[in-house]
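For reference, the structure is listed below as structure tokens.
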There are 2 protein chains.
Amino acid sequence: MAKRESQAPGDSTEQKIFDAAHEVFTQKGMDGATMQEIADHAGINKALLHYYYRTKEKLYESVARAIIGRAIPAIRQIIESELPLEEKIRRFIDAYIGIISRNPFIPLFIISEVNKHPERFINSILPSDLPKPQFFFNQVEAEIAAGRIRPVRPQHLIVNVISMCVFPFVGKPMMRMLLGMSSGEMRVFLEERKEEVTQFVMAALRP
Amino acid sequence: MAKRESQAPGDSTEQKIFDAAHEVFTQKGMDGATMQEIADHAGINKALLHYYYRTKEKLYESVARAIIGRAIPAIRQIIESELPLEEKIRRFIDAYIGIISRNPFIPLFIISEVNKHPERFINSILPSDLPKPQFFFNQVEAEIAAGRIRPVRPQHLIVNVISMCVFPFVGKPMMRMLLGMSSGEMRVFLEERKEEVTQFVMAALRP
DNA sequence: CCCGTGTTTGACCAAATGGTTAAACCTAAA
DNA sequence: TTTAGGTTTAACCATTTGGTCAAACACGGG
């Protein structure tokens, strides 16, 4: 056997293809991207894409699965932890906004994918270990019963929190126009939201 | 002249094309849609698409402009009205969720469009009369100064409200998986949010 | 009734795109 | 040095897709 192993390990052709596909797919989507563009972006011949990943669909699934596989456990870990409710919400918001700040294209990528091909998403991309929010719901109900927070339906609470964390990134250009902010001002604004959303939620939960 | 005017006015060929394009574009996006599919959907010959709207891009812009042109004034009207703050927020949430309920594909369509082609969006689709949120901001500051609501940064408040209204629709399939809801349960859930989000915001604004 | 103008159609074209293949290439092992 | 097997490339193929065109069609006015 003669494997081409001269280059640094993370720099293999397969990895270069994956990285290029990751960038192109997340920015242009499955339909908008072309194999040629991905090849160019990786600086290699187009046929190599098919050599390593048989079809465009397979390549796309690889990228999608990697993205989802990284995103889900991060959420899951926080939502299922044993922390007291308030601390959990604090950390959830902080971690969620942090992750998205570092990967601003991901939420829209996931949303578009799951909207256009729900079956493919469920069958070949989604991991089996989805977050189970039941424990979080019980926690909320307990706090309500103890009178420590205002009565809210826990499903709505979690959707509210996720919405306030994710949407400003998904709709960033729209928000920028509405608020008349420069790119730099927007970055500061989004960073501020860690604190602002936390306070907003805590205020809403006061009994 | 011999104009084909036998059919009902709103049923003209041009209108049928527009309606078909509206449906296909909003569900599959610019890249995912094909002219043939739009023609089939309208039940006419493909060449007619080019006869009435010269290119795919032009047709797409027509649809996009119509969608945006309908969405923006609805927001603008509420946000710039002279109502007292609390009533304004109430109506805003109620109207916003109502509009999106009736057009669930629109927000994702707009978001995708503005993310992929910001220049085209700004130059040829966006109307000139954007909502001006300044009056709303002043209103919030005044209420804070009078001690009638808790101090919040008005920009964050408006982004919070919009996020909680829009995101559950944009990310509906994701939310369904997270919450384990059927399609019917989800519809009820989204309708409930008019009331729930309003209460949540009001609770967060209590001094 | 027939003509002219706007409308509709099927056939067609060129470019783009996903995918294939055979040959060239490179490297490690014998 | 030879050679076998994985790797890379350029050329090629079939299909799809946006777009065009000339002919056919329908209908109102002369």
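Since we're looking at a predicted model, the values are computed, not measured. In the text below, chain A, chain B and the rest are named by the order of the sequence lines, each starting its count at 1.
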Once salt bridge (Lys or Arg N to Asp or Glu O under 4.0 Å) is applied, do any residues pair with [X], and if so which ones, sequence neighbours excluded?
{"X": "B:Glu87", "result": "B:Arg91"}
{"X": "B:Asp40", "result": "none"}
{"X": "A:Arg54", "result": "none"}
{"X": "B:Lys58", "result": "none"}

- Query: Once you build an axis from the first five pairs and another from the last five of the helix from C:dC1-D:dG30 to C:dA30-D:dT1, how far apart in angle are they, to 10 degrees?
  - Reply: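 Between the first-five-pair axis and the last-five-pair axis there is 10°.
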
- Output all residues satisfying ring pair (Phe, Tyr, Trp, His ring centres under 6.0 Å) with A:Tyr96, sequence neighbours left out; order by chain, then residue number. A:Phe92

- Query: B:Lys16 NZ to C:dT8 C1': how many Å, rounded?
  - Reply: 11 Å

- Note on the structure: When rounded to whole Å, the OH to P distance for the pair A:Tyr60 and C:dG18 reads 14 Å

- Query: Which residues in residues 22-37 of chain A have at least one heavy atom lying under 4.0 Å from any atom of DNA chain D?
  - Reply: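 Contacts with DNA chain D under 4.0 Å: none.
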
- Task: Tell me which residues in residues 39-57 of chain B put a heavy atom below 4.0 Å from DNA chain D, sorted by number, or none.
- Result: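 Listed by number, they are B:Lys46, B:Ala47, B:His50, B:Thr55, B:Lys56.
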
- Message: Going by the rule side chain to side chain contact (heavy atoms under 4.5 Å, CB included), which residues pair with A:Phe105 if we only count those two or more places apart in sequence or in a different chain?
- Response: A:Thr26, A:Gln27

- Query: Under 4.0 Å between a side-chain N or O of A:Thr13 and OP1 or OP2 of D:dT8?
  - Reply: yes

- Query: Does the pair A:Val161 and A:Ile93 meet the rule for a side chain to side chain contact (heavy atoms under 4.5 Å, CB included), with working shown?
  - Reply: CA-CA 7 Å; A:Val161 172; A:Ile93 293 170; 3.8 Å; yes

- Item | Pairs where residues 176-188 of chain A contributes a residue and the test salt bridge (Lys or Arg N to Asp or Glu O under 4.0 Å) is met, not counting sequence neighbours |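 Sorted pair list comes back empty.
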
Show the atom names and distances, to 0.1 Å, of all donor-acceptor pairs under 3.5 Å that link a side chain in residues 69-78 of chain B to residues at least two apart or in another chain.
unit_1	atom_1	unit_2	atom_2	d
B:Arg76	NH1	B:Glu80	OE2	3.4
B:Arg76	NH1	B:Asp129	O	3.3
B:Arg76	NH1	B:Leu130	O	2.8

- Query: Taking only residues at least two apart or on different chains, which pairs with a member in residues 131-144 of chain B satisfy side-chain hydrogen bond (donor to acceptor under 3.5 Å, both in side chains)?
  - Reply: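 Listed by first then second residue: B:Lys88-B:Gln139, B:Gln134-B:Asn138, B:Glu143-B:Arg148.
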
